[in-house]
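By convention here, the first residue in the shown sequence is residue 1.
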Amino acid sequence: MPFSFSIYPNTIQYQEINFVSGWIYLTSEVESTSRGIIVYRQSDNEFLAYDRLPPNEPNACTDSQGHTTRLVVDFPFVVDRCNNAYYNILNGQIIVAEPDMIPNFPTEGVPVYPLIQYHTKYDGHKLTVYN
């Protein structure tokens, strides 16, 4: 389902991303399968946006209402605590130091997906996140 939303990252409401390397959790008001979005300020003029839905085994862990767990930021990583997987916040790629140490990690031959990334457009004032 297509979606788009805009924020003004240089305002006090979004003070967490007023500076480079800042990040924030946002939720989309559009009905979707998303568990929210992580917005990361990569530079003065560049932002990255990732879905908080785990890309590998998204239904492996659910809360009491049946929602899948959310990815969390433990800078400089994005962490899937259910599957004990770590992703690089700078490019969304999975980081695997010792796959044998990660419970539920996909076995050889099973695709391992990076974070679900959204497009961003920033004009110096307004940031638009869209798919």
Might you point out which heavy atoms bring [X] and [Y] nearest each other, and give the distance in Å?
X	Y	answer
Leu71	Leu53	CD1-O, 3.8 Å
His119	Asn131	CD2-C, 4.0 Å
Tyr25	Val72	OH-CA, 3.4 Å
Pro55	Ile116	CB-CG1, 4.3 Å
Arg52	Ile38	CG-CG1, 3.6 Å

For [X], what residues pass the side-chain hydrogen bond (donor to acceptor under 3.5 Å, both in side chains) criterion, not counting sequence neighbours?
X	value
Asn10	Arg41, Tyr122
Thr128	Ser6
Glu16	none

At what distance, to the nearest 0.5 angstrom, does [atom1] of [X] lie from [atom2] of [Y]?
X	Y	atom1	atom2	result
Lys121	Lys126	NZ	NZ	8.0 Å
Ser21	Leu90	OG	CG	7.5 Å
Asn88	Leu115	CG	CG	9.0 Å
Ile37	Leu48	CD1	CG	13.0 Å
Tyr113	Ile94	OH	CD1	12.0 Å

Output all residues satisfying side chain to side chain contact (heavy atoms under 4.5 Å, CB included) with Thr11, sequence neighbours left out; order by chain, then residue number.
Tyr8, Gln13, Tyr14
Taking a hydrophobic cluster as the set of Ile, Leu, Val, Met, Phe, Trp and Tyr residues connected by side-chain heavy atoms closer than 4.5 Å, whether directly or through intermediates, do Val39 and Phe19 fall within one such cluster?
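Each belongs to a different hydrophobic cluster.
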Under the ring-ring contact (aromatic ring centres under 6.0 Å, His included) test, residues paired with Phe77 that sit two or more places apart
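ring-ring contact (aromatic ring centres under 6.0 Å, His included) check on Phe77 returns Tyr86.
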What residues, two or more places apart in sequence or in another chain, satisfy ring-ring contact (aromatic ring centres under 6.0 Å, His included) together with Tyr40?
Phe75
Is any side-chain heavy atom of Phe47 less than 4.5 Å from a side-chain heavy atom of Val129?
no
For Gly92, does its backbone N or O pair with a side-chain atom of Tyr50 as donor and acceptor, under 3.5 Å?
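At least one qualifying donor-acceptor pair exists.
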